[in-house]
Structures are given as structure tokens and as C-alpha cells.
Amino acid sequence: MSNWNKRTKAVHAGTRRSQYGEVSEAIFLTQGFVYPTAEDAQARFEASGDDEFIYARYGNPTTAMFEDRIAAIEGAEDAFACASGMAAVSGALMATLKAGDHVVSSRALFGSCLYVLEIVLPRFGVEVTFVDGADLDQWRAAVRDDTTIVFFESLSNPALEAVDIAAVSQIARDKGAMVMVDNVFATPVYSRAFELGADVVIYSATKHIDGQGRSLGGVILGQREFIRGPIETYMKHTGGSMSPFTAWTLVKSLEHMDLRVRAQTASAEHIARGLEGHPGLTRVIYPGLASHPQHDLCMAQMGCGGTLLAIDTGSQEASFKLLNALKIWLISNNLGDAKSIATPPASTTHQRLPADQKAHLGITPGLIRLSVGLEDAGDLLDDLTQALDIAGL
Ligand SMILES: *Cc1c(COP(=O)(O)O)cnc(C)c1O
């Protein structure tokens, strides 16, 4: 199996068949497991093996199928499935850190990640230093001999700023720090995070992995010793495990994730090229365009521009007019969905950030994040163009 390509692993890796030989993965909607004898129960609790389960918070056959399949696709030794992306991010950090530790993180983070790093960790005596993710000198200055973890989003939300995974991993490695990458925007399809030096890769499975706006989930990937050691121990006792039903929706979603994400990327590129230079837009941000300041880095890291872009209408008034004139794009805040979604981050997902931080992160009042779905790319571009007209842009 290890020589299979990602698309083959996505369909077959991790499958566990019951005695009935079902073709489609079964959903084991059970929280508990029966032991034939008291001695078996004792043995199971002493040392549970690969196909031995105790309680669904610890593990479940359907959840294990999801973990094994995503680990195979990502090229990781192991994975732990979590109740949400934030259960994965907070769990990975809390399982690894203790009072007195030091973390360095990029500042451009998903709002809830920022809350965990800025508010929660310091409450437990963890010191956190924030840097501009794209500035390697700031990373070099901030990472110390006693730094435990370096954390960043490989491509930031919503301004699509990239962090050089290889360079930052080298800086961390020189100081003995562990590298944790929140890799949502790169998706498992384009991820090369482990190859570039990451120790731990985290996904919100809510996004491209589900890809259909149904399930909340997350996953932590890394070396087996780490995943089955501190991560499993922390997650199984604190309650952030994935439900078997969610794992079943996600294991089936992995089968066609590659097809979906590549189609969404082709459409995102078509739309970015179609909008670039539009007189009504002050910016079109897409890593796949040569005009993106880190175009070369993004192409080296992901091989393409991904499924998200951002446009700037110059003002909140204009962006609201444009949003309200859209007929296909939905005004919402998920991403990676089959349905194309337009998000005004300054007034929604990043509303609580102080004005100076918003400005620093490029979250201007007229910014609209576009998550490209599976509709026809021409229809999506036409919809944006007619909405720009109606907004007088
Ligand atoms: C959505 C998201 C999360 C959180 O995931 P949930 O599944 O919503 O908990 C974390 N990081 C990034 C970059 C995200 O986009």
C-alpha cells in the first residue's frame, strides 16, 4: 500500500471489513465494546491492540478507518481524529505544553486559534511570542533555546499570506522546538508539510475534507509515538474525540477529496484571472497569480494557488452591495465547501480583532474572502461580474 498514489489510498487505505465483507465502510455507531470473558476485559484494558477497542472516546473502528486513511494520504505515521478543528489545535497544544514553556506563533491566525494562543495558554503559564509569519528574521529573533513549539498556519486566513515551512522548520529544529502546522488552506491534497520539516500537521476536517458543509471534525497527524503517546492520552481523557458518525461521513468524503479540491482549484484560478485588473477592485489576492508577493513560495510549497482567493472592493459599503447582489455565491463563513461561499472577514470572522491588528493583517473593510466550490467556473465568474456591476464597481 505504501507505494500507492494518494488517489488510491484515498479510496482504499484504512478499510476494516467486518465478517459480512461489506464493500462500503460500515458505520460502527457504538460507544462501547463487549468482552467475551472477565479475563479478556482485563487484558483489553492492560494493553489494547490494533483491532481492540474499549470505549469510543478512546477509539472506534469507523474512527480508526478515518485516522488510517488520512494518515496514509498525508504520509504520516499516525493520526488522531478530533471532534473539531479547534479540538485538534487546542488538544495538540495542551497535550504538549506545561507551565513555563515558550511558544512562537505567527500572528495571522484563525480567530479561535488566536484565542487559544493569546488568552488560554498564558493563563496556564505558557509564554507566547507572536511574529509576522512571512518575516523569517522575526522567527529567528523569537525562537529561543527553551522554545517548545513553533505554530503557524501555512497559508493564512483570510489574507492568504504564506509561511515558508522549510525555512521556519529549520529555525525551529536548530533550537530543538517542535513544528506544528495548521494546514487547512493547503489541504491534504497539496500538502508537503512533513517533507518540508513539520513535526505535526493539523486539519480542520470541517473544511475541504468533508467538503460538503455537513460535519465538524479535526485531525492531528504525526509520528506514532507522539500520536499514540501524549496526544491520544490527552484527547481520550479530556473528551475531544471524533464521533463515529462524523468519522463515517469523513471517511467517505476522503474518497473524492482529491477530485473536488483539484476542480475547485481550477475554478479559483479561472476566477482570479478573470477578476485580476478589474477597475472596481483594489486587490485580487490569489497565491496562483504572479502578482501574489509569495507566488514562488506558494508554487513550491503547494504546486498551485489553492481553492481560496480574496478580493478588495475598497470599502465596507461596496463589499456589502456586492455581497447582496450575488445570486450563486452564499454569504457564509465556512470554506472548502462544494457550495461557493463569500465571506466579509472584517465584519464577521475577524470582527473582534482591534482595528490596528486588522489593518496589520490586511483585513480591510472591503475585503471579501472567496471559497470556490464545485459549480461551473464560468457561472461563478459571471455572478461576481454582475454583482460588481450592480455595486457600481
Ligand atoms: C476552520 C479552521 C479551524 C477550526 O476548525 P473547526 O473545525 O471549525 O473547529 C482552525 N484553523 C483554520 C485555519 C481553520 O480554517
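Numbers for residues simply follow the sequence, beginning at 1. Counting starts at 1 for both ligands and their atoms, in listed order.
Put simply, part of Asp182 is less than 4.0 Å from ligand 1, judged by heavy atoms.
Looking only at protein heavy atoms, the nearest one to atom 14 (C) of ligand 1 is Lys207 NZ, 3.0 Å. Looking from atom 4 (C) of ligand 1 to the surrounding protein, the closest heavy atom is Phe110 CE2, 3.4 Å. Gly85 N, 3.3 Å is the protein heavy atom nearest to atom 6 (P) of ligand 1.
For the pairing with Thr307, the side chain to side chain donor-acceptor pair (under 3.5 Å) check across Lys207, His208, Glu269 returns one residue only, His208.
For ligand 1, the polar-atom distance check finds no N/O of Val184 at less than 3.5 Å from any of the ligand's N/O atoms. Distances between N or O atoms of Met86 and those of ligand 1 include at least one value under 3.5 Å. Backbone and side-chain nitrogen or oxygen atoms of Asn157 are examined, and none is located within less than 3.5 angstrom of a nitrogen or oxygen of ligand 1.
For the residue pair Asp174 and Gln170, a side-chain donor N or O sits within less than 3.5 Å of a side-chain acceptor on the partner. Counted by atom type alone, Thr246 and Ser243 present one or more donor-acceptor pairs between their side chains at under 3.5 Å.
Counting the atoms of ligand 1 from 1 in the order shown, those under 4.0 Å from a heavy atom of Ser84 are 7 (O), 9 (O). Against a heavy-atom cut-off of under 4.0 Å, Gly217 is close to the following atoms of ligand 1: 7 (O). The distance from ligand 1 to the heavy atoms of Thr206 drops below 4.0 Å at these ligand atoms: 6 (P), 7 (O).
In this structure, Met94 CE and Tyr234 OH are separated by 4.5 Å, a value rounded to the nearest 0.5 Å.
If you look at Phe152 and Trp139, their ring centroids are closer than 6.0 Å.
Applying the side-chain hydrogen bond (donor to acceptor under 3.5 Å, both in side chains) test to every pair with at least one member in residues 180-190, sequence neighbours left out, gives these pairs: Ser154-Asn183, Asn183-Ser191, Asn183-Tyr203, Tyr190-Thr265. Under the side-chain hydrogen bond (donor to acceptor under 3.5 Å, both in side chains) criterion, the residue pairs touching residues 370-379 are Ser340-Glu375, with sequence neighbours excluded.
Classification of the Tyr55-Tyr58 ring pair by plane angle, with boundaries at 30° and 60°, yields perpendicular.
Contact annotation for Glu153 and ligand 1: only side-chain heavy atoms (C-beta onward) come within less than 4.0 Å of the ligand.
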